[in-house]
Amino acid sequence: MHKVLFATSEAQPFAQTGGLGDVCGSLPHALAKLGCEVRLVMPAYSSIAPAADDNRSHTLQVQGREQPVTVVRRRLAPGLEVWFLDFPDYFAREGGLYGDAHGNDWPDNPHRFAFFCRAVAALAMGGAPDGWRPDVVHCHDWQTALVPALLAGVPERPALVFTIHNLAYQGLCSHTQFSTLGLPAYLWHQDRLEFHGQCSFIKGGIVYADVVTTVSPTYAEEITRPEYGCGLDGLLRTRTSSLIGILNGIDYALWNPETDPHLAVRYNLASLAEKAENKRALQQAFELPQERETLLLGMVSRLAEQKGVDLVLAALEALRGQPVQCVILGSGDPWLVASVGRVAEEESERIGARFGYDTALSHRVIAGADAFLMPSRFEPCGLSQLYSQRYGTIPIARRTGGLLDSVVDRHDDMEHATGFLFEEASGAALVTAIERAYNAYRQSAVWSRLQRNGMVLDFSWERSAHAYVAVYQRANAAARG
Ligand code: ADP
Ligand code: GLC
């Protein structure tokens with residue numbers, strides 16, 4: 001089985017800002033269960049508290065640094081260790097993973113993650129504890145995308161796999177910054193890292209990995225087109241034979257309505273009626289009238305243009321006077337936070353909002369809402385629609401990316417339907433989808449069929465982990481051939 005060095009800038013339960021953290025926290029466990037030896041490597045942010053067995057540290061010599069860097073090792077499960085790269089100047093900061101408490105990116109992000117990539121490359125090439133050598137390095141998103149660029153030409157290198165979780169975040173910096181990163185000058189070329197006069201970290205992964213994956217089959221196809229390609233569709237078209245979409249799984253140990261410690265009342269398929277108590281508790285928590293007949297919509301999201309929050313606000317405006325309530329939990333762009341806050345204040349009897357990152361509350365929204373909104377403009381995979389289906393909460397989502405790959409609309413397949421999909425990224429199209437959902441909600445047999453169809457689906461990691469093992473095999477063959 002494979003020895004995988006799994007490099008990421010976030011992984012739950014240690015540090016996360018979004019779905020990347022969910023995936024990189026749970027996929028390594030699933031790979032280890034299949035027999036892979038996995039070493040998850042990530043920065044030691046200040047939020048990562050020391051644990052009892054963290055004394056098994058190791059020193060690593062990173063190119064360009066005189067002082068060795070400490071790697072703190074922690075065993076997570078059989079076959080799985082996490083290695084925290086302890087470099088306080090870059091990573092032990094007050095604030096977020098990528099920026100300060102006000103949401104401004106750290107200006108030295110290119111240096112922080114170029115350094116991280118160099119450290120990962122050193123671990124891959126003999127610098128790891130106990131002489132451990134991976135046969136695959138699996139990198140995720142722009143923060144680790146220089147690793148393939150650094151390793152591609154090295155003799156006896158491991159296979160290189162790069163996963164795109166979101167093509168819109170590319171890790172761009174100026175030529176001036178590039179020239180202070182200590183990277184080989186030949187990388188400044190339009191066929192390598194240069195991108196319209198800037199340096200693009202993500203190109204390192206796309207150009208140099210043996211296999212490039214992304215997190216759903218539909219997104220894998222979409223990003224080869226200009227509408228979704230963020231300027232990289234041309235490059236991605238040159239890689240289509242090595243570009244694979246694998247739908248994310250979810251961690252059933254964390255997301256299970258039967259055992260979820262955050263819920264007012266736990267339930268399963270047999271006790272689905274108990275879900276209503278979670279709705280009541282959610283209405284109460286957001287100070288909304290506790291009406292059963294009203295359709296309660298929920299949304300838990302990064303507040304970013306990608307997620308279509310503006311469509312939700314437009315739809316809610318159009319639905320004024322209808323028996324529809326909405327609760328929103330989110331954090332992100334200050335102007336979106338302000339607009340959601342304003343609407344929630346003006347219409348506090350039907351719209352509730354909370355800001356910040358709150359895991360416990362996110363579980364209560366997903367369990368308590370009748371329907372879950374994901375009107376994303378694009379969505380590489382999306383996890384909340386998977387969680388919602390597991391919880392008998394009906395997704396209302398745009399027909400794009402992983403949403404299309406995981407939600408079945410009633411128009412497409414009445415018998416297996418699990419939710420409502422809509423095409424156009426507009427408030428009006430979302431209103432139509434919400435109205436369709438409301439009509440179904442009024443017919444309890446139809447609604448409970450939708451709920452049950454979603455709850456029995458298998459979104460576990462096992463299936464996807466097998467697909468990654470196949471990718472590692474393929475990458476090994478490509479690296480050798
Ligand atoms: P993305 O990674 O693009 O943000 P995903 O749907 O893949 O989107 O994953 C988002 C994850 O982050 C989900 O687990 C969601 O519940 C969680 N999440 C997003 N915003 C918040 C928040 N404000 N509080 C708690 N959890 C959140
Ligand atoms: C990204 C995407 C999201 C995906 C997540 C995990 O943040 O926006 O769609 O689910 O990564 O792969």
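We count ligands from 1, going down the list as the structure has it; atoms in each ligand are counted the same way. Nothing fancy with the numbering, it's 1 onward along the sequence.
Closest to atom 12 (O) of ligand 2 among all protein heavy atoms lies His165 ND1, 2.7 Å. Protein heavy atom closest to atom 4 (O) of ligand 1, with residue, atom name and distance, is Arg302 NE, 2.7 Å. For atom 3 (C) of ligand 2, the nearest non-hydrogen atom of the protein is Glu379 OE2, 3.4 Å. With respect to atom 27 (C) of ligand 1, the closest heavy atom belonging to the protein is Tyr357 CE1, 3.4 Å.
On a distance-only criterion, Asp358 and ligand 1 share at least one N/O pair closer than 3.5 Å. Considering backbone and side-chain N/O atoms, Cys381 comes within less than 3.5 Å of an N/O atom of ligand 2. For a threshold of 3.5 Å applied to N or O pairs, the pair formed by Gly19 and ligand 1 contains at least one separation below that value. Of the N or O atoms in Lys307, none lie within a sub-3.5 Å distance of an N or O in ligand 2. Considering backbone and side-chain atoms alike, Gly382 places an N or O below 3.5 Å from some N or O of ligand 2. Between Leu383 and ligand 1, at least one N/O pair is under 3.5 Å apart. Where the criterion is an N or O separation shorter than 3.5 Å, residue side chain and backbone included, Thr359 fails it with respect to ligand 1.
In this structure, Gly382 is part of the shell of residues with a heavy atom less than 4.0 angstrom from ligand 1. The closest approach between any non-hydrogen atom of His165 and ligand 1 is not below 4.0 Å. The closest approach between any non-hydrogen atom of Ala304 and ligand 1 is not below 4.0 Å. Put simply, part of Tyr387 is less than 4.0 Å from ligand 1, judged by heavy atoms.
Contacts between Ser384 and ligand 1 below 4.0 angstrom, taking non-hydrogen atoms only, involve backbone and side chain alike. Contacts between Val23 and ligand 2 below 4.0 angstrom, taking non-hydrogen atoms only, involve the side chain exclusively. In Lys307, the part holding a heavy atom less than 4.0 Å from any atom of ligand 1 is the side chain. By the criterion of a heavy-atom distance under 4.0 Å, neither the backbone nor the side chain of Asp22 is placed next to ligand 2. With a 4.0 Å cut-off on non-hydrogen atoms, Ser301 touches ligand 1 through its backbone and not its side chain.
Ring planes of Tyr468 and Tyr472: tilted class, angle from 30 to 60°. Ring geometry for Trp447 versus Phe420: interplanar angle under 30°, hence parallel rather than tilted (30 to 60°). Ring planes of Trp142 and Tyr98: tilted class, angle from 30 to 60°.
With a 4.5 Å cut-off on side-chain heavy atoms, Tyr228 and Asp233 do not count as touching. For the pair Leu167/Leu236, a side-chain contact is recorded, criterion being any heavy-atom separation below 4.5 Å from C-beta on.
If you look at Phe115 and Phe87, their ring centroids are closer than 6.0 Å. In summary, the aromatic rings of Phe372 and Tyr391 are positioned with their centroids too far apart to meet the 6.0 Å limit. Ring to ring, Trp255 and Tyr387 are close: their centroids are under 6.0 angstrom apart.
When each atom of ligand 1 is checked for a heavy atom of Gly356 under 4.0 Å away, the hits are 22 (C), 23 (N), 24 (N). Each of the atoms 23 (N) of ligand 1 lies under 4.0 Å from some heavy atom of Gly330. Residue Gln306 approaches ligand 2 through these ligand atoms, each under 4.0 Å from one of its heavy atoms: 8 (O). Near Val215, the atoms of ligand 2 lying under 4.0 angstrom from a non-hydrogen atom of the residue are 12 (O). Of all the atoms in ligand 1, the ones that sit under 4.0 Å from a non-hydrogen atom of Asp22 are 14 (O).
Within the cation-pi definition used here (under 6.0 Å to the ring centroid, within 45° of the axis), Arg390 qualifies as a partner of Tyr252.
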Quick one: do Glu287 and Ser348 satisfy side-chain hydrogen bond (donor to acceptor under 3.5 Å, both in side chains)? Show the steps, please. CA-CA 8 Å; Glu287 295 167 37; Ser348 56; over 6 Å; no
I'd like to know whether Glu379 forms a side-chain hydrogen bond (donor to acceptor under 3.5 Å, both in side chains) with Gln306, so could you lay out the CA-CA distance, the side-chain angles of the two residues, the decisive distance to 0.1 Å, and finally the verdict. CA-CA 8 Å; Glu379 196 60 78; Gln306 173 193 349; 3.2 Å; yes
Apply side-chain hydrogen bond (donor to acceptor under 3.5 Å, both in side chains) to Asp135 and His2, showing your working. CA-CA 6 Å; Asp135 68 288; His2 298 284; 2.8 Å; yes
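Between Arg377 and Asp310 there is a salt bridge, since a side-chain N of the basic residue sits under 4.0 Å from a carboxylate O of the acidic one. Salt bridge annotation for Arg342-Glu345: absent, with no cationic side-chain nitrogen under 4.0 angstrom from a carboxylate oxygen.
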